[in-house]
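Everything below concerns the one structure shown next.
Quick caveat: nothing in here was measured; it's all calculated off a predicted structure.
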Amino acid sequence: MKTAAYVEILDREGVLLAEAAEAAGSDAEVPACPGWRVRDLLRHTGTVHRWATAFVAQGHTAPRPADDPPGLDGAPLLTWFREGHGRLVDALADAAPDVRCWHFLPAPSPLAFWARRQAHETTVHRIDAESARGGEPTGVGAEFAVDGIDELLCAFHARPKSAVRTEEPRTLRVRATDAPDAVWTVRLSTQPPVTVREDTGDADCELSGPAARLYLALWNRLPFPEVTGDGALAALWRERSGVTWK
């Protein structure tokens, strides 16, 4: 996907997140994030947006801590969130393609990284806000969902901090049933997972389903659509795959 497409998705998803949060109310529980209420979701996502904006807009070339979330609530918190989201969209849209700044996953460029990462960050948390609101969630496009699965498996869980490990070598297959060639083979061991974008060799367990549902299931927002083989590996993913940004 092109950077401009990620920015467009980020723009739309942030608007939807704020609308869902406003409809739910800041005290509503967020089912996918135990212990969180909507105010926590807005504070977290708004803080991440401002953190990301600083790298792109100010060209920081080393990691920097995020500011503490504000103590705002209600309408002032929503205004704060919307302002920060708008600044992030503008920073990414206006940045030079060759902008140099720190980023933490492999990408064609720093700008491509931040646009992609923030589009997915905001989409997943938009789903959280809509779950707090209740009702039918807004859909996720198959192409974008496949891209999100790719980022999660091939980038996030290739890092040393991934806790998805097994004592004996095991193989997990992930297959999107509604997208061509959207299949991943994840080799598990005592080391970080090694993922390739291909259907190769036997698998101990396969997770499959439509790309959008699989994307959200791998981010632990929905149950897995279908599990075949050793269900213990699906349970292992549920228990160990959580990604924290600090």
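Atom CD of Glu83 has more than 12 neighbouring heavy atoms from other residues, nucleotides or ligands inside a 6.0 Å radius. Taking a 6.0 Å sphere around CZ of Arg159, one finds it holds more than 12 heavy atoms contributed by other residues, nucleotides or ligands. Around CZ of Arg240, the count of heavy atoms belonging to other residues, nucleotides or ligands within 6.0 Å does not exceed 12.
The line from CH2 of Trp114 to CG of Leu92 is 9.5 Å long, rounded to the nearest 0.5 Å. Taken to the nearest 0.5 Å, the CZ atom of Arg37 stands 9.5 Å off from the OG atom of Ser26. Atom CZ of residue Arg82 and atom CG of residue Leu42 lie 9.0 Å apart, to the nearest 0.5 angstrom. The distance from atom CG of Leu233 to atom CG of Leu172, rounded to the nearest 0.5 Å, is 6.0 Å. Distance check: Glu168 CD to Ser189 OG gives 10.5 Å after rounding to the nearest 0.5 Å. To the nearest 0.5 Å, atom OG1 of residue Thr122 and atom CG of residue Leu88 are 7.0 Å apart.
The shortest distance between side-chain heavy atoms of Arg213 and Pro225 falls below 4.5 Å. With contacts defined as side-chain heavy-atom distances shorter than 4.5 Å, the pair Met1/Ile9 qualifies. Put simply, the side chain of Leu218 does not reach to within 4.5 Å of the side chain of Ser241, judged on heavy atoms. Here the side chains of Val243 and His157 are in contact, with some heavy-atom distance below 4.5 Å. The closest side-chain heavy-atom distance from Glu151 to Arg117 is below 4.5 Å. Proximity of Val183 to Glu198: side-chain heavy atoms (C-beta onward) are nowhere separated by under 4.5 Å. Looking at heavy atoms from C-beta onward, Leu17 lies out of side-chain contact with Glu130 at the 4.5 angstrom threshold. Side chains of Arg165 and Leu188 form no contact here, defined as non-hydrogen atoms less than 4.5 Å apart.
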- Task: Please report the C-alpha distance between Arg126 and Thr123 in whole Å, then the side-chain angles of each, then the deciding distance to 0.1 Å, and finally whether the side chain to side chain contact (heavy atoms under 4.5 Å, CB included) criterion is met.
- Result: CA-CA 5 Å; Arg126 183 267 294 169; Thr123 297; 4.2 Å; yes
- Message: Evaluate Phe104 against Phe156 for side chain to side chain contact (heavy atoms under 4.5 Å, CB included), listing each step before the verdict.
- Response: CA-CA 9 Å; Phe104 60 89; Phe156 269 113; 3.9 Å; yes
- Query: Between His49 and Trp80, is a ring-ring contact (aromatic ring centres under 6.0 Å, His included) present by the stated rule, with each step listed?
  - Reply: CA-CA 11 Å; His49 284 171; Trp80 174 86; 9.1 Å; no
- Checking side chain to side chain donor-acceptor pair (under 3.5 Å) for the pair Thr190/Glu167: CA distance, chi angles, key distance, verdict? CA-CA 6 Å; Thr190 57; Glu167 290 299 321; over 6 Å; no
- Message: Working note: His85 + Leu10, criterion side chain to side chain contact (heavy atoms under 4.5 Å, CB included); need CA distance, chi angles, decisive distance, verdict.
- Response: CA-CA 9 Å; His85 169 249; Leu10 167 64; 4.1 Å; yes
- Task: Under the side chain to side chain contact (heavy atoms under 4.5 Å, CB included) rule, what do His44 and Asp40 come out as? Steps first, then yes or no, please.
- Result: CA-CA 6 Å; His44 165 77; Asp40 302 304; over 6 Å; no
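Taking hydrophobic clusters as Ile, Leu, Val, Met, Phe, Trp and Tyr residues chained together by side-chain heavy-atom distances below 4.5 Å, Leu105 shares a cluster with Trp102. Residues Leu222 and Val30 fall into different hydrophobic clusters, defined by Ile, Leu, Val, Met, Phe, Trp and Tyr side chains chained together at heavy-atom separations under 4.5 Å. Val56 and Tyr6 fall within a single hydrophobic cluster, where Ile, Leu, Val, Met, Phe, Trp and Tyr side chains are chained together by heavy-atom contacts under 4.5 Å. Residues Phe113 and Val124 fall within the same hydrophobic cluster, defined by Ile, Leu, Val, Met, Phe, Trp and Tyr side chains chained together at heavy-atom separations under 4.5 Å. Two different hydrophobic clusters hold Leu77 and Val15 under the rule that ILVMFWY side chains link at heavy-atom gaps under 4.5 Å.
Among all heavy-atom pairs drawn from Pro193 and Ser162, the shortest one is CD-OG, 3.5 Å. When all heavy atoms of Cys154 and Ala158 are compared, the closest pair comes out as O-CB, 3.5 Å. The two residues Ala66 and Thr47 have their closest heavy-atom pair at CB-CG2, 3.9 Å. Of all heavy-atom pairs spanning Ala155 and Pro106, the tightest one is CB-CD, 4.5 Å. Residues Pro110 and Val99 share a closest heavy-atom pair of CG-O, 3.6 Å.
Scored by the ring-ring contact (aromatic ring centres under 6.0 Å, His included) test, Trp184 finds no partners at all (sequence neighbours excluded). By the side-chain contact (heavy atoms from CB on, under 4.5 Å) test, Arg187 pairs with Thr171, Thr185, Thr200, sequence neighbours left out.
Judged by a 6.0 Å distance limit and a 45° cone about the ring axis, Arg221 is not positioned over the six-membered ring of Tyr215. For the pair Arg43 and Trp36, the cation does not sit on the ring face, since its NZ or CZ is not both under 6.0 Å from the ring centre and inside 45° of the axis.
When each of Asp178, Thr177, Val146, Leu207 is checked for a side-chain contact (heavy atoms from CB on, under 4.5 Å) with Leu214, only Leu207 meets the rule.
In this model, a donor atom of one side chain and an acceptor atom of the other lie less than 3.5 Å apart for His120 and Asp147.
Between Trp51 and Phe55, the ring planes lie perpendicular to each other; the angle is over 60°, past the 30° to 60° tilted range.
At distances below 3.5 Å, not a single donor-acceptor pair connects side-chain atoms of Arg116 with backbone N or O atoms of Lys2.
Contact check on Asp230 versus Arg170 returns a salt bridge, with a Lys/Arg side-chain nitrogen under 4.0 Å from an Asp/Glu carboxylate oxygen. For Arg50 and Asp67, the salt-bridge test fails: no basic side-chain N is under 4.0 Å from an acidic carboxylate O.
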